[in-house]
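What follows is one structure encoded as structure tokens, with my remarks underneath.
Quick caveat, the model's predicted, so the values are computed rather than measured. Convention: sequence-line order gives letters A, B, ...; per-chain numbering from 1.
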Amino acid sequence: MGKDPSPIPNHGQAPGTRFASALNEAQYRAVTHPGGPLLVIAGAGTGKTRTLVYRVAYLVERGVDPRSILLLTFTRKAAQEMMERASRILDARCEMVAGGTFHSFANLTLRRYGSLLGYPASFTIADRSDAEDLVNLIRTELGFHKNKARFPKKRALMNIISRAANCQVPVGTVLAEEYPQYEDLAPEIEKIAETYALYKQERAVMDYDDLLTKCRDLLRDHPDVRRRISWTYEHILIDEFQDTNAVQAEIGAFLASEHGNIMAVGDDCQSIYSFRGADFRNIMDFPKRFPDCTVVTLEENYRSTQPVLSFTNAVIQNAREKYSKQLFTRTAGGTKPVYARPSSEIAQALYVLQKIQKHLQDGVPAHEIAVLFRAGWHSNDLEVLLNKNGIPFVKYGGMKFIEAAHIKDVLAFLKAALNPADAVSWHRILLLIEGVGPTTAKRLAESVHKKGLEALVSKPLQKRKYAATLQAFHDTMTRLAAGREPVSEKMEAVLTTYQPLLEAKYDDAPKRTPDLRSLAQMAERYESVEALLADLTLESPEQALAGEDTPRRRKDHVVLSTIHSAKGLEWETVFIIYLVDGHLPSSYALNDDDGIEEERRLFYVAATRAKRHLYLVAPKVQGPASFYSLATGGPSRFLFEIGRLGELVRREA
DNA sequence: TGTGGATATTTTTTT
DNA sequence: AATATCCACA
């Protein structure tokens, strides 16, 4: 999120003047657009966020009820920041704008209207790993795991199923196009996909894809609801439109169906989510979907110095699709990006550490320094070094709080209590009990589903050595289901039940306990367990915690981030590490051209985050040619393909 | 039926 | 190099 160089306070000037002086001509046109469809193509650092923020302020000032503006962004944090900024420009009314991600919007909508599709308001959301576990259960149940040789693993299966949902094509098509090695297994995989869908429907469980597709179905098949929602939100604003998929685009269109006031903002060069079904061509199809649409292009870059911009322009120049804009800046001065080639991975971490220390000494605030990389583990070495040298950092992307096994355990208790039909959660918590394996867990989960909680304390079970634990489960669950108590007390009840199981299961239990405490702390701020679960599942906890103590603490923290998670952000100094063929571009993308194109855009996104200093670090990767490092060779091809590289960068080390 | 140890895979990125 | 899955034994 770019910071406002000059937030314009409201001094009661005539509205036109105020907005005009804070914006360039193109931005102004977008902000004051009278109504109807509007597409803003905004290059990196051209004030995309600024334009959206001013648009909100403009609409509110013109008398639009803020609650009837819907701002769909990539993260909830992004939406919140935009609303805060709009409030600074205008007034607190802007805080009341309805904002969030497509997924969180879909969640709320489906809680309210899901009954029309046969879902109770208490449906649970299965995150990616829940979904994988479920698919795995189904696979085992259908007996496909001992088929011929290589049946895809749960992860691959889920990728296939999810892709089919995101691209709205049959599983068979996905297999034919992306997984030819599994094509002869199509009937089996389709069977799994069907069973999976059926299960979710029956048990009131939704995965991430369901949230979108069911929301779309609701809007499509229930005209009365569609009309009602469309009139609730008179203005639809969509950020990062290049990373929306077909379903999201449909939702956007349905939301605008009554009034046509839809504003989409994006940059086709920065589309990096095709693995989730996003297609940058979506943005080009926008005018087709809305023939009377106005298109505004933002080309003046306010973020980077000329040397950085020259380099990034050269990077994107090699894209196969030619883009319709050439960025320029009026910012003079600056230094060329630095290209370094450390002799090993360790040397790379050391190099970055030393440079970070130097910039800190030069007075660059820690939070203006970021290290970006392709995959979560790329920062491992560096993390160790930073710790050793007492440099605090925050990391975005990669392994998340909510993915830790002990957190998932606790959440499974809450989900199971909320939705007793959610056999995956039941399965998970029952397996925690010593003496209970997959078979017993499955049986117990089924009988709870059929007969209710009493099934846990039935006569035959009393003899088992774990009868006491089941009794404890029963009591805790009964208590949770009864409601009434505040969320924090429910959480405490779960933690008390869970603690002994935690200690039995993990040798490093003491290390994990603090996480449970912070979970308890988060719980205090919620009115309902549903809301807590939804937030935890639909946004990363750094964001969920944002209101808490983090902002201040983050000030003196260097940022480590995957490139994907760096979207929309900017820093004074940016390091891109592992700029090596096989890492960036990733070896998984080397097979097809579209893959390479997307990797290039990824590199472009990373490089365009830099305001003043950009470091391109390509370590010599050594070690045995394992499966892993097989494709890792020299420096990234994206460097070699730049003809005048020598002129654009300064070589070091 | 559960558990622990041996053996094959396989790892991007995220809501 | 780490993890998921499989297998044999208790």
Length of the CD1-C1' vector between A/Ile251 and B/dT15, whole Å: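 About 12 Å, once rounded to whole Å.
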Interatomic distance where CG belongs to A/Asp243 and C1' belongs to B/dT13 [whole Å]: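 For the pair A/Asp243 CG and B/dT13 C1', the rounded distance is 11 Å.
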Output field: ring centroids A/Tyr113/A/Tyr119 closer than 6.0 Å: no
Pairs under 3.5 angstrom only: tabulate donor-acceptor contacts from the side chains of residues 460-468 of chain A to other protein residues two or more places apart or in another chain.
unit_1	atom_1	unit_2	atom_2	d
A/Gln462	NE2	A/Val457	O	2.7
A/Arg464	NH1	A/Tyr466	OH	2.7

Summary of salt bridge (charged side-chain N to carboxylate O under 4.0 Å, His left out) pairs that have at least one residue in residues 422-431 of chain A, sequence neighbours excluded: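 Counting only pairs at least two positions apart or across chains, the salt bridge (charged side-chain N to carboxylate O under 4.0 Å, His left out) contacts touching residues 422-431 of chain A are A/Asp409-A/Arg428.
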N/O donor-acceptor pair under 3.5 Å between A/Gln242 side chain and A/Asp279 backbone: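 Checked: no pair found.
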Side-chain (A/Gln168) to main-chain (A/Ala165) donor-acceptor, under 3.5 angstrom: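 Yes.
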Touch class at under 4.0 angstrom, heavy-atom based, for A/Arg464 against every strand present: nothing
Touch class at under 4.0 angstrom, heavy-atom based, for A/Phe102 against every strand present: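 Here A/Phe102 touches no strand at all.
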Select one nucleotide: of [options], the one nearest the side-chain heavy atoms of [X].
X: A/Lys154; options: B/dT15, C/dT5, B/dT1; value: C/dT5
X: A/Lys153; options: B/dT15, B/dT13, C/dA4; value: C/dA4
X: A/Thr101; options: B/dT14, B/dT15, C/dT5; value: B/dT15

Distances under 3.5 Å between protein N/O atoms and the N/O atoms of nucleotides 3-6 of chain B, please, pair by pair.
unit_1	atom_1	unit_2	atom_2	d
B/dT3	OP1	A/Gly435	N	2.8

Salt bridge flag under 4.0 Å for residues A/Glu641 and A/Arg320: no
Distance below 4.0 Å between A/Thr562 side-chain N/O and B/dT14 OP1 or OP2: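 For A/Thr562, the contact criterion (side-chain N or O under 4.0 Å from OP1 or OP2 of B/dT14) is met.
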